[in-house]
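Input: a single structure, listed below in structure tokens.
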Amino acid sequence: MGQMGFFDIAKRYAGLDAKGDPLAQIDAVVSWALFRPRLEAAWRKPPEDRKSKAGRKPWDAVVMFKAIVLCELYNLSDDQVEFQLRDRLSFMRFLGLGLEDPVPDAKTVWLYRERLAEAGLVEALFAEFDGYLKARGWLAMGGQIVDASIVPVPKQRNWRDENATIKAGETPAAWEQRPAKRAQKDTDARWTKKHGKSHFGYKNHVNVDRRHKLVRRYHVTDAAVHDSQAVDAILDGDNTASDVWADSAYRSAEIEAKLKEKGLKSRIHRKAHRNRPLSEREKQGNRTRSKMRARVEHVFGAQSNDMGGPLVRAIGLVRVKARVGLKNLAYNMRRLVQLERLAAAPG
């Protein structure tokens with residue numbers, strides 16, 4: 001077998017396009033340049049702070065950001081994304097790399113993402129892309145749907161007294177003397193129960209617009225925080241309609257008053273109380289609301305089934321916030337491809 005030439009590679013790429021390479025489709029609709037100023041501000045030292053121009057040149061900001069987005073599109077670890085960048089033509093082309101070019105290694109991907117997390121920049125990047133969506137005509141329309149999904153992280157194996165100390169907001173004394181062990185312990189994640197099963201991790205609270213199923217706002221908390229406690233952080237004042245859908249976990253006099261104060265119309269599920277079951281009319285109302293509210297489940301389903309699952313390989317709230325925010329951003333990029341394709345379809 002001879003060495004591949006230029007035309008051989010071009011033929012391979014043409015074959016990928018014929019099969020509908022999803023990464024090429026994302027690359028075609030996303031304006032990566034809009035992220036560059038914020039990325040370079042976080043990743044580049046000002047010229048006056050650099051001691052010399054010697055040393056290896058830094059990676060291009062957009063190339064590194066695309067590598068980080070790949071991790072979220074397919075839920076890859078840093079080692080896995082390095083391997084796939086070396087192995088897959090579609091990944092190489094997405095980053096604009098040729099067969100002869102070096103690829104970012106796992107440690108480099110981790111360091112660049114770590115700087116984004118430490119700078120708290122992911123929310124700004126998410127908002128930047130939301131502005132881009134609106135500029136392309138994909139406004140938040142039809143009302144908003146709020147919900148939360150559990151984001152599992154690797155379970156911690158601690159003693160009971162250690163867990164009690166963590167819940168009190170302190171660090172077990174034995175860990176302070178073993179920094180390597182402390183670095184592997186997630187003291188921000190919490191346990192919660194859902195449908196009778198215990199889960200350890202965090203929550204991704206989202207606001208999805210009903211018309212386009214795009215994530216417009218999100219907020220990350222530990223898993224023990226009740227869904228309703230994050231409402232203020234995710235309500236979207238830019239939606240063109242006033243309706244707000246949510247499941248019965250959000251039903252309370254306080255939230256109803258809050259929505260009314262903001263000029264929003266509650267479409268929250270009603271819930272039964274002890275000695276006061278729902279009437280048939282209320283049950284029918286809930287069934288009607290469920291047809292609309294189900295659209296947010298499509299978002300969580302896509303993140304879980306099409307994007308490698310909900311597990312996050314990160315320790316601590318700061319890092320998990322960055323990973324979840326990037327996951328929501330990557331979902332919106334995939335969704336934009338679908339919306340543009342549907343808009344271009346005849347009829």
Side-chain angles (χ1 to χ4, degrees), residues 122-150 203-221 225-273 276 278-303 324-325 327-329 331-336 338-340 342-343:
V122 174
E123 289 187 17
L125 295 172
F126 182 89
E128 193 88 53
F129 190 67
D130 189 58
Y132 174 73
L133 291 171
K134 292 173 181 175
R136 290 179 74 97
W138 304 109
L139 303 175
M141 302 175 69
Q144 48 196 304
I145 312 169
V146 298
D147 204 353
S149 69
I150 293 173
K203 277 185 180 178
N204 179 22
H205 305 263
V206 301
N207 179 315
V208 175
D209 74 282
R210 185 182 68 85
R211 176 70 63 85
H212 302 127
K213 285 198 294 190
L214 288 162
V215 178
R216 297 297 182 172
R217 298 278 184 88
Y218 74 92
H219 184 62
V220 182
T221 67
V225 173
H226 194 270
D227 295 0
S228 62
Q229 294 179 10
V231 167
D232 285 336
I234 59 175
L235 283 177
D236 183 11
D238 294 335
N239 200 292
T240 60
S242 61
D243 302 280
V244 177
W245 283 270
D247 63 31
S248 58
Y250 294 86
R251 168 70 70 169
S252 71
E254 181 184 354
I255 289 180
E256 293 295 312
K258 192 173 297 183
L259 295 180
K260 187 175 181 180
E261 181 183 342
K262 293 178 180 291
L264 299 172
K265 188 172 183 179
S266 172
R267 301 288 187 182
I268 300 174
H269 279 224
R270 297 188 178 277
K271 59 182 176 181
H273 297 278
R276 189 195 174 281
L278 294 177
S279 66
E280 284 304 316
R281 182 178 179 180
E282 288 172 329
K283 290 179 182 178
Q284 181 57 46
N286 280 353
R287 285 192 287 269
T288 301
R289 296 183 187 98
S290 291
K291 295 177 182 178
M292 294 297 179
R293 203 189 65 78
R295 294 177 70 79
V296 73
E297 301 298 342
H298 301 166
V299 175
F300 294 142
Q303 291 184 337
V324 172
K327 188 96 168 180
N328 291 331
L329 174 59
Y331 164 81
N332 278 355
M333 291 177 177
R334 293 179 74 253
R335 181 60 181 160
L336 176 59
Q338 298 170 345
L339 291 170
E340 300 266 316
L342 292 171

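This one's a predicted model, so the numbers in the text were calculated from it and none came from an experiment. Computation of the quantities below employed the complete heavy-atom set of this structure, encompassing side-chain atoms and omitting hydrogens, waters and symmetry-equivalent molecules.
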Open item on the list: How long is the straight-line distance from CG of N328 back to CG of N207, given to the nearest 0.5 Å?
Closed with: 11.0 Å
Open item on the list: Between N239 and G143 (side chain of the first, backbone of the second, donor and acceptor by atom type, cut-off under 3.5 Å), is there such a pair?
Closed with: yes
- [ ] May I have the step-by-step check of side chain to side chain contact (heavy atoms under 4.5 Å, CB included) for V231 and V244, ending in yes or no?
- [x] CA-CA 11 Å; V231 167; V244 177; over 6 Å; no
Open item on the list: Between R335 and N332, does the side chain to side chain donor-acceptor pair (under 3.5 Å) criterion hold? Intermediate values first, please.
Closed with: CA-CA 5 Å; R335 181 60 181 160; N332 278 355; over 6 Å; no
Open item on the list: For a side chain to side chain contact (heavy atoms under 4.5 Å, CB included) check, start with the C-alpha distance between Y250 and D147, then their side-chain angles and the critical distance, and finish with the verdict.
Closed with: CA-CA 9 Å; Y250 294 86; D147 204 353; 4.3 Å; yes
Task: Spatial distance of atom NE2 (H219) from atom CG (L235) [nearest 0.5 Å] - done: 12.0 Å
Open item on the list: Using the rule salt bridge (charged side-chain N to carboxylate O under 4.0 Å, His left out), only one of R217, K262, R210, K134 pairs with D236; which is it?
Closed with: R217
Open item on the list: So, taking the atom named CZ in R267 and the one named OG1 in T288, what distance separates them when rounded to the nearest 0.5 Å?
Closed with: 10.0 Å
- [ ] Walk me through it: do L264 and Q144 pass the test side chain to side chain contact (heavy atoms under 4.5 Å, CB included)?
- [x] CA-CA 10 Å; L264 299 172; Q144 48 196 304; 4.0 Å; yes
TODO: Would you mind telling me which of R251, R276, R287 makes a salt bridge (charged side-chain N to carboxylate O under 4.0 Å, His left out) with E282?
DONE: R276
Task: W138 side, atom CH2; R216 side, atom CZ - distance, nearest 0.5 Å - done: 10.0 Å
- [ ] Could you tell me the separation between the OH atom of Y132 and the CG atom of L336, rounded to the nearest 0.5 Å?
- [x] 6.5 Å
Task: Where D209 and A140 come nearest, the two heavy atoms and their spacing - done: CB-CA, 3.9 Å
Open item on the list: Which residue in the set V299, V208, V206 passes side-chain contact (heavy atoms from CB on, under 4.5 Å) when paired with Y331?
Closed with: V299
Task: Minimum-distance pair of heavy atoms, taken over all atoms of H205 and T221 - done: NE2-OG1, 2.9 Å
Open item on the list: Using every non-hydrogen atom in the two residues, find where G142 and A241 come nearest and quote the distance to one decimal.
Closed with: C-CB, 3.7 Å
Task: 4.5 Å side-chain heavy-atom contact, L214 and L339 - done: yes
Task: Distance in Å, L278 CG paired with R270 CZ, rounded so as to fall on 0.5 Å steps - done: 9.0 Å
Open item on the list: One thing to verify: whether E280 and K283 come together as a salt bridge, which I'm taking to mean a side-chain N less than 4.0 angstrom from a carboxylate O.
Closed with: yes
